[in-house]
Amino acid sequence: MSSRPENLLRSTFLDSLPGPECEHIFALTQELSASLAAWCAKYPALLRPARVPQISLTLAASAPFLSPRELLPTGCLFLWLFAVDDLCDERSPGPEDGAPLSLWARFEQAVSWLEAPEDAAPHGEPLLQAIRDIRDGLAPLPLFSALRAPLAQSLRDFLRGMQLETEWSRLHRQSPPGPAPSLQEYLEKAACFTTGTLPIYLSVLMATRDAAIVPRLPHFMGLGHEAAVSIRLANDLRSYEKELAEGKLNSLILLQREGMAQHGTAPTAALERGRAEVRAHLLGAMERCSQLGGEEATAGCRATQTIVNAVAFACGFYAHHDFHHALVRQDGHRFGEARPSRAAVTPSAST
């Protein structure tokens, strides 16, 4: 058994980088954390500050060529997506409960605010006020106008995926359990969207100044799709115990259930077989991502570097950590220690 502290950062991706590059990522993480924590504090009932350091580290590792100011709107969007996930978990739909319908309507309304810059979100609704801040931060970015419609679509895909996962989990909790999706249906209709990878990726792309991204967007979105599948599978391996306790369905629980129900496999054996299958699918998705983007990333295409970095970092991160506890470096430095500044906390990225 390892004697390493549980919260000590372990990252094969960061370990593979030259020292100066790694230190740049750590410095960028700290700067972004300070601004993101300040914005997070505006919405204490909606956003969870414990996630700020890990979100900042993920973005810094994925796009180290951007500044904290350029990454801030994406960090805010990242936190907002986590908030939507939290709200879905805390208000899981029941067969007789009509409240979740209004919750989905609020989510859809928030996406509409993002699409309509002339509108102002009403006061007193943190979910909408936060998306207004995000919109105001994204609007000055170089490719916002060109990528706003794809971003809104990716957010609607995220919401539809959340609805499907919520319904599948409700059926899973029934006694006897209701019908479950196949692994392919789970991945393609919901799981590849509910990571939030695609809207986060598009938000980062808005900050680049490479207009050549726009005509090649289908290629980059295909790359992002494989990245999202990879990250979802890595997350599912990490979150098995948590989601089992919460009565939620994920790929590993799905395969374990299938092995037990269809093949009469004992729970422990079905779990191990499911784990091996998920790992095989994860390696396949990571390999496809590398094949699609490896040469471009090496050649310096920032759009491709971002998503290849994101996959390498996130999949390695989920092997040891999650987004819910503080991490420290080898030298004992704790991420996210920087206190929120007194500066304005609207995530504007204008220079």
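The residues of the chain are indexed from 1 along the displayed sequence.
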## Note on the structure
Applying salt bridge (charged side-chain N to carboxylate O under 4.0 Å, His left out) to E272 and not counting sequence neighbours gives R275
### Query
What pairs with E188 under side-chain contact (heavy atoms from CB on, under 4.5 Å), at least two apart in sequence or on another chain?
Q184, H225
### Query
Would a 4.5 Å heavy-atom cut-off, applied to side chains only, mark D157 and L198 as touching?
no
### Message
Under the rule for side-chain contact (heavy atoms from CB on, under 4.5 Å), what residues qualify as partners of P218, not counting sequence neighbours?
### Response
none
### Message
Strictly distance-based, threshold 3.5 Å: is any side-chain N or O of R10 a donor or acceptor partner for the main-chain N or O of F317?
### Response
no
### Message
Using the salt bridge (charged side-chain N to carboxylate O under 4.0 Å, His left out) criterion, which residues pair with E185? Sequence neighbours excluded.
### Response
K189
### Message
Can a donor-acceptor pair be found, under 3.5 Å and without considering hydrogens, that links the side chain of S112 to the backbone of E108?
### Response
yes
### For F193, ring-ring contact (aromatic ring centres under 6.0 Å, His included) partners two or more places apart
none
### Task
Can you sort out the partners of E165 under salt bridge (charged side-chain N to carboxylate O under 4.0 Å, His left out), two or more places apart, ordered by chain and number?
none
### Task
Scan D133, L72, I134 and name whichever one has a side-chain contact (heavy atoms from CB on, under 4.5 Å) with L77.
I134
### Query
What is the ring orientation for Y186 with W168, classed by angle as parallel under 30°, tilted 30 to 60°, or perpendicular over 60°?
tilted
### Message
Evaluate R106 against E125 for side-chain contact (heavy atoms from CB on, under 4.5 Å), listing each step before the verdict.
### Response
CA-CA 10 Å; R106 287 166 59 208; E125 171 51 87; 3.3 Å; yes
### Query
Does any pair with a residue in residues 301-310 pass side-chain hydrogen bond (donor to acceptor under 3.5 Å, both in side chains), and if so which ones, sequence neighbours excluded?
E296-T304
#### Entry: Partners meeting side-chain contact (heavy atoms from CB on, under 4.5 Å) with S145 (sequence neighbours left out)
none
### Message
Going by the rule side-chain contact (heavy atoms from CB on, under 4.5 Å), which residues pair with T58 if we only count those two or more places apart in sequence or in a different chain?
### Response
S62, F78, F313, F323
Name the atoms and distances for all side-chain donor-acceptor pairs under 3.5 Å in residues 226-234, with sequence neighbours left out.
{"residue": "E226", "atom": "OE1", "partner": "R288", "partner atom": "NE", "Å": "2.9"}
{"residue": "E226", "atom": "OE1", "partner": "R288", "partner atom": "NH2", "Å": "3.2"}
{"residue": "E226", "atom": "OE2", "partner": "R288", "partner atom": "NE", "Å": "3.3"}
{"residue": "S230", "atom": "OG", "partner": "E226", "partner atom": "O", "Å": "2.9"}
{"residue": "S230", "atom": "OG", "partner": "M286", "partner atom": "N", "Å": "3.3"}
{"residue": "R232", "atom": "NH1", "partner": "N235", "partner atom": "OD1", "Å": "3.0"}
{"residue": "R232", "atom": "NH1", "partner": "D236", "partner atom": "OD1", "Å": "3.3"}
{"residue": "R232", "atom": "NH2", "partner": "T194", "partner atom": "OG1", "Å": "3.0"}

### Query
Can you name the ring-ring contact (aromatic ring centres under 6.0 Å, His included) partners of Y43, sequence neighbours left out?
W39
### Message
Restricting to ring-ring contact (aromatic ring centres under 6.0 Å, His included), what partner residues turn up for Y240, sequence neighbours left out?
### Response
none
